[in-house]
Protein chains: 2
Amino acid sequence: MDICKTVATIYNNCYMSTNNKELFELSLRRRGFSITSQRHMVFKELIGQEPLSMRELYERLRGQVDRASLYRIISVFEKSGVVVRIPVGWKYKLELSEAFNYHHHHITCIKCNRVIPIEEDETVERLIKEVSEKHAILPFAHQLEIQGFCRACRPADS
Amino acid sequence: MDICKTVATIYNNCYMSTNNKELFELSLRRRGFSITSQRHMVFKELIGQEPLSMRELYERLRGQVDRASLYRIISVFEKSGVVVRIPVGWKYKLELSEAFNYHHHHITCIKCNRVIPIEEDETVERLIKEVSEKHAILPFAHQLEIQGFCRACRPADS
DNA sequence: CTGCTTGCAAATCTTTTGCATTGAA
DNA sequence: TTCAATGCAAAAGATTTGCAAGCAG
């Protein structure tokens with residue numbers, strides 16, 4: 001085990017020792033799902049991470065959680081409001097929902113593929129509200145994704 | 001052939017007879033791609049349709065375009081700016097880009113799954129501009145998706 | 001205990017690739 | 001004529017399912 005892994009473990013334990021863990025367990029119980037060690041492992045793997053694809057998540061849990069179980073667990077997590085899927089290019093990635101990981105949006109750099117989080121913004125909220133009223137809908141969730149050049153990759157002439 | 005199919009064909013022909021067809025061909029040529037009958041078929045199948053998944057598009061072109069070719073054609077269309085992928089739930093769907101199908105966003109009803117288009121709005125444009133300036137990025141494209149209850153499915157008590 | 005979860009294996013679905021043939025320019 | 005595009009077959013990758021065994025409540 002290398003130093004990075006160790007630091008990550010300590011980091012995760014810090015999070016897990018707060019009431020994030022209780023909230024996680026409550027979220028599952030509320031929906032009638034049970035708490036298992038695999039579900040804990042998956043949850044911990046998502047804490048403090050940038051959005052991960054199924055494959056990345058699976059790699060990180062190799063030998064600890066079966067692939068089929070992982071899919072089933074993610075499905076349970078979605079139903080419980082623990083994780084959300086965010087569209088990235090043609091695929092999607094997974095991250096903890098706003099309850100664990102304050103709600104935000106993303107900018108993806110089309111050159112270096114870096115994902116820059118945008119904090120939930122009063123502007124975005126207002127927009128959703130306006131649009132919803134105009135169409136007489138009751139908003140439940142929303143995603144905003146922007147693609148462009150990040151500061152570093154920005155062409156010189158702009 | 002049923003009446004719906006016939007109407008759809010006439011409808012598509014109307015579109016194709018306008019300069020949409022020229023724009024389509026120009027878009028491909030501009031990028032050095034050639035015009036083929038399969039590409040025409042795929043393009044026509046997308047005209048005036050709500051967003052389609054790969055599978056739906058393939059079904060509609062059964063026997064006319066090979067599956068592998070369809071994927072290659074869609075890839076070419078994306079590079080040429082003819083189609084865009086929009087995230088819908090865990091998957092994505094395809095629709096003609098704003099040049100053929102004015103740029104807009106979508107609201108998906110979480111009950112009946114209807115997709116309601118939102119016209120490109122001055123509010124949305126302003127939001128993208130503000131956020132981009134704040135993060136010093138150069139925006140290239142963006143997607144906004146909202147999920148909620150549509151007018152019809154809206155619970156009575158809200 | 002009992003029923004929900006998991007792991008394993010296999011099925012299914014989606015997307016990509018290699019290659020010989022066809023067709024656009 | 002020449003090179004890009006297509007169809008076919010097969011590979012690769014992603015997701016789902018059936019079922020027996022294991023574990024949480």
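Lettering follows sequence order; numbering is per chain, from 1.
For B:Glu25, the side-chain contact (heavy atoms from CB on, under 4.5 Å) partners two or more places apart in sequence, or in a different chain, are B:Lys21, B:Arg29, B:Ile35, B:His40. Here A:Val84 pairs with A:Ile86, A:Glu95, A:Ser97 under the side-chain contact (heavy atoms from CB on, under 4.5 Å) rule; sequence neighbours left out. Every residue two or more places apart in sequence or in another chain was checked for a salt bridge (Lys or Arg N to Asp or Glu O under 4.0 Å) with B:Arg31, and none qualifies. Every residue was checked against the salt bridge (Lys or Arg N to Asp or Glu O under 4.0 Å) condition with B:Arg67, not counting sequence neighbours, and none meets it. Judged as a side chain to side chain donor-acceptor pair (under 3.5 Å), and not counting sequence neighbours, B:Ser34 has no contacts. Residues passing the salt bridge (Lys or Arg N to Asp or Glu O under 4.0 Å) test with B:Arg30, sequence neighbours excluded: none. Scanning for side-chain contact (heavy atoms from CB on, under 4.5 Å) contacts around A:Glu133 gives A:Lys129, with sequence neighbours left out.
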How does protein reach along nucleotides 10-20 of chain C, written 5' to 3' as B (base within reach of a heavy atom under 4.0 Å), S (only sugar-phosphate), or - (no contact)?
---SSBBBB--
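Side-chain atoms of A:Ser132 come within 3.5 Å of backbone N or O of A:Ile128 as a donor-acceptor pair. Under a 3.5 Å cut-off, the side chain of B:Glu56 and the backbone N or O of B:Ser53 do form a donor-acceptor pair. A donor-acceptor pair under 3.5 Å is formed between the side chain of B:Ser80 and the backbone N or O of B:Val76.
Sorted by residue number, the list of members of residues 74-83 of chain B with any non-hydrogen atom under 4.0 Å from DNA chain C is empty.
Sorted by first and then second residue, the ring pair (Phe, Tyr, Trp, His ring centres under 6.0 Å) pairs with a member in residues 63-83 of chain B read B:Phe24-B:Phe77; sequence neighbours excluded.
Straight-line distance from the CZ atom of B:Arg31 to the P atom of D:dA5: 14 Å, rounded to whole Å. The NE2 atom of B:His40 sits 11 Å away from the P atom of C:dA24 (whole-angstrom rounding). Atom C1' of nucleotide D:dT6 and atom CG of B:Leu61 are separated by 14 Å, given to the nearest angstrom. We find that CE of A:Met41 is positioned 15 Å from P of C:dT5, with the value rounded to whole Å. As a whole-Å value, the separation of B:Arg62 CZ from D:dG7 P is 14 Å. For B:Arg39 and C:dA25, the CZ to C1' distance is 13 Å, given to the nearest whole Å. For the pair A:Leu28 CG and C:dT5 C1', the interatomic distance rounds to 12 Å; values are reported in whole Å.
The shortest distance between the side-chain N/O atoms of B:Gln64 and the OP1/OP2 oxygens of D:dG7 is not below 4.0 Å.
With the end axes of the helix from C:dC1-D:dG25 to C:dA25-D:dT1 each set by five pairs, the angle from one to the other reads 50° at 10° resolution.
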For nucleotides 23-25 of chain D, print each protein N/O atom paired with a nucleotide N/O atom at under 3.5 Å, atom names and distance only.
unit_1, atom_1, unit_2, atom_2, d
D:dA24, O3', A:Ile35, O, 3.4

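Between A:Leu96 and A:Phe43 there is a side-chain heavy-atom pair separated by less than 4.5 Å. Counting heavy atoms from C-beta outward, B:Gln49 and B:Lys44 have side chains that stay 4.5 Å or more apart.
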